[in-house]
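Here is the structure we will look at, set down as structure tokens.
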Protein chains: 2
Amino acid sequence: MLNQNSLSVAQDCSECPIRHRAVCARCETDELERLEDIKYYRRFEAGQTVIWSGDKMDFVGSVVSGIASLTQTMEDGRTQMVGLLLPSDFVGRPGRNTAAYDVVATTDVVMCCFRKAPFEELMEKTPHIAQRLLQMTLDELDAAREWMLVLGRKTAREKIASLLSIVARRDASLNMARLSGAVTFDLPLTREAMADYLGLTLETVSRQMSALRKDGVITLEGKRHITVPDMSVLLEEAGDDTDGGLLV
Amino acid sequence: MLNQNSLSVAQDCSECPIRHRAVCARCETDELERLEDIKYYRRFEAGQTVIWSGDKMDFVGSVVSGIASLTQTMEDGRTQMVGLLLPSDFVGRPGRNTAAYDVVATTDVVMCCFRKAPFEELMEKTPHIAQRLLQMTLDELDAAREWMLVLGRKTAREKIASLLSIVARRDASLNMARLSGAVTFDLPLTREAMADYLGLTLETVSRQMSALRKDGVITLEGKRHITVPDMSVLLEEAGDDTDGGLLV
DNA sequence: CGTACATTTGAATTTGCTCAAATAGAGTGG
DNA sequence: CCACTCTATTTGAGCAAATTCAAATGTACG
């Protein structure tokens with residue numbers, strides 16, 4: 001279903017699709033070799049839980065292909081997604097033994113895992129890994145804060161538009177595409193997952209998707225394939241600055 | 001007003017109140033000396049803006065005393081607080097030249113600042129600084145994700161209770177106090193700041209504070225001094241697990 | 001005492017939620 | 001290929017929570 005799934009497991013880091021974006025991005029050849037010694041691949045099917053919050057976590061790793069989500073759940077079942085893990089994103093926290101969130105594969109996922117103890121040891125000796133991890137963590141913190149604005153202050157319609165523009169942007173940056181004019185992409189999330197991301201109910205998500213479609217902001221082919229005729233209109237709907245920032 | 005303000009500016013890191021929690025926490029004596037060379041103190045009065053989003057930022061630093069807030073503002077004026085900076089918290093991002101958020105002093109604030117270029121240089125050579133910064137950033141990311149649950153899924157009443165329990169917890173950890181039985185602390189935020197933190201209007205904040213008071217969950221002396229007769233009741237109201245986690 | 005500002009409270013309105021039912025697809029077995 | 005099932009999605013109607021607008025009250029400071 002996903003073309004990424006057809007990739008045979010990369011044994012060689014130098015041919016890895018996320019080589020230049022993942023936690024190993026800054027590593028030199030000799031540093032990569034040491035990482036190769038402790039790495040192994042794991043596959044998860046769509047819907048499968050990678051790890052439960054509170055479970056002992058004896059590995060860390062990177063998403064190689066597919067999408068996973070980080071969620072928190074309250075006692076009465078209310079759930080909030082707190083992270084969307086795309087290829088190259090890092091899973092796990094050095095220095096912590098148990099998982100803080102549920103990690104669930106949204107699509108089929110391949111992860112490049114490292115046993116935690118050796119990874120932590122290696123991190124001590126390899127500044128390039130720690131440096132890259134700091135950079136990635138700072139980026140995630142920015143993304144989380146951006147999302148706090150969405151969750152706290154935006155209307156349902158703006159929330160949907162924000163999610164769509166974020167996915168469009170990340171998709172474009174993955175495919176090196178420009179975000180001018182019409183943009184087309186897949187939205188690999190169910191209405192329920194979108195709701196959990198945005199702090200809405202799935203009914204409200206569905207209603208606002210219909211409204212955006214009716215108003216010509218987006219076009220749907222099937223449920224998951226989306227076309228945005230004019231990206232600047234979508235950004236306007238999201239309540240973001242329209243000027244600049246179209247690329248990246 | 002705040003007793004921290006009476007501290008005469010510490011010149012000597014070894015007597016600094018945040019010595020063991022700030023970005024310099026892991027530094028050895030010789031590393032501290034190099035930090036001392038590039039550090040300077042700045043004071044901000046309550047209400048004063050430390051830096052505007054988008055401005056050039058030529059320093060990074062730590063909050064020594066007082067409280068500052070990180071906020072984002074939309075074009076139409078809606079604002080969302082995305083961080084609450086307490087003593088020892090770090091301000092600024094190595095590797096970035098402009099501020100991403102507005103930073104505003106909520107109370108009078110003293111900051112220990114480092115010129116950005118020398119600090120970044122020092123960070124390259126001093127793993128202890130980068131290590132500590134990574135740890136602090138990961139903690140902030142956890143806090144931000146916790147807050148995403150509050151913003152996305154909690155009711156107004158639960159949001160208020162969550163904020164109060166967070167402030168109570170941080171206050172207790174600062175004062176090495178236990179969180180069993182009754183707890184008393186100052187809430188250094190206006191109703192509007194609380195609203196900006198929680199994604200509510202100030203009227204709703206006021207109403208819910210009144211409701212919690214009427215229901216005996218909290219007691220107010222003046223507007224800002226709060227007593228929680230039974231911490232576990234407050235945690236229950238916040239929708240968090242009641243069991244465990246009382247200390248920390 | 002008067003001004004400025006923070007807070008509280010009230011009443012009407014709106015947004016998004018809950019509950020309920022209809023519709024649309026995708027996959028399965030006959 | 002069709003009927004059937006399962007799940008995802010859409011749509012509707014009434015409701016509840018939080019917002020908006022408005023006014024009153026309280027508090028600090030000159």
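Protein chains get the first letters and strands the later ones, always in sequence-line order, with residue 1 at the start of each. The structure displayed is predicted, hence computed values, not measured ones.
Listed by chain and number, the residues in a side chain to side chain contact (heavy atoms under 4.5 Å, CB included) with M57(B) are I51(B), F59(B), V91(B), A99(B) (sequence neighbours excluded). For L86(A), the side chain to side chain contact (heavy atoms under 4.5 Å, CB included) partners are I67(A), L84(A), D89(A), R170(A), not counting sequence neighbours. With sequence neighbours excluded, the residues forming a side chain to side chain contact (heavy atoms under 4.5 Å, CB included) with T71(A) are S69(A), M81(A), D102(A), listed by chain and number.
D196(A) places its CG atom 12 Å from the P atom of dT9(D), with the value rounded to the nearest Å. A straight line from CD of E203(B) to P of dA24(D) spans 16 Å, rounded to a whole angstrom. When the C1' atom of dA17(D) is taken as reference, atom CG of L198(B) falls 16 Å away, rounded to whole Å. If you measure from atom CG of L220(B) to atom C1' of dT27(D), you get 15 Å, rounded to the nearest angstrom.
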Output side-chain donor-acceptor pairs under 3.5 Å for residues 181-191 of chain A, partner residues at least two apart or in another chain, one line each.
residue, atom, partner, partner atom, Å
T184(A), OG1, T227(A), OG1, 3.1
D186(A), OD1, H225(A), ND1, 2.7
T190(A), OG1, E192(A), N, 3.4
T190(A), OG1, A193(A), N, 3.0

Output side-chain donor-acceptor pairs under 3.5 Å for residues 204-214 of chain A, partner residues at least two apart or in another chain, one line each.
residue, atom, partner, partner atom, Å
T204(A), OG1, T201(A), OG1, 3.0
S210(A), OG, S206(A), O, 3.1

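Within the structure, every pair that satisfies the salt bridge (Lys or Arg N to Asp or Glu O under 4.0 Å) test and touches residues 142-162 of chain A, not counting sequence neighbours, is listed here: D142(A)-R93(B), D142(A)-R96(B), R145(A)-E140(B), R153(A)-D196(B), K154(A)-D240(A), R157(A)-D215(A), R157(A)-E237(A), E158(A)-R78(B). Among residues at least two apart or in separate chains, ring-ring contact (aromatic ring centres under 6.0 Å, His included) pairs with a member in residues 188-211 of chain B are W147(B)-Y197(B). Counting only residues at least two apart or on different chains, no side-chain hydrogen bond (donor to acceptor under 3.5 Å, both in side chains) pair has a member in residues 48-62 of chain B.
Note that the two end axes of the helix from dC1(C)-dG30(D) to dG30(C)-dC1(D) enclose an angle of 30°, each drawn from 5 base pairs, rounded to 10 degrees.
Within residues 145-162 of chain A, the residues that place at least one heavy atom under 4.0 Å from DNA chain C are, in residue-number order, T155(A), A156(A). For residues 205-213 of chain B, proximity to DNA chain C is found at S206(B), R207(B), S210(B), defined as any non-hydrogen atom under 4.0 angstrom from a strand atom. Listed by residue number, the members of residues 188-195 of chain A with any heavy atom below 4.0 angstrom from DNA chain D are T190(A), R191(A).
Using a 4.0 Å heavy-atom distance criterion, G222(B) is classed as making no nucleic acid contact. Using a 4.0 Å heavy-atom distance criterion, L202(A) is classed as a base contact.
With D108(B) contributing its side chain and A46(B) its backbone, the two residues share a donor-acceptor pair below 3.5 Å.
Between T201(B) and dA18(D), a side-chain N or O to OP1/OP2 separation shorter than 4.0 Å is absent.
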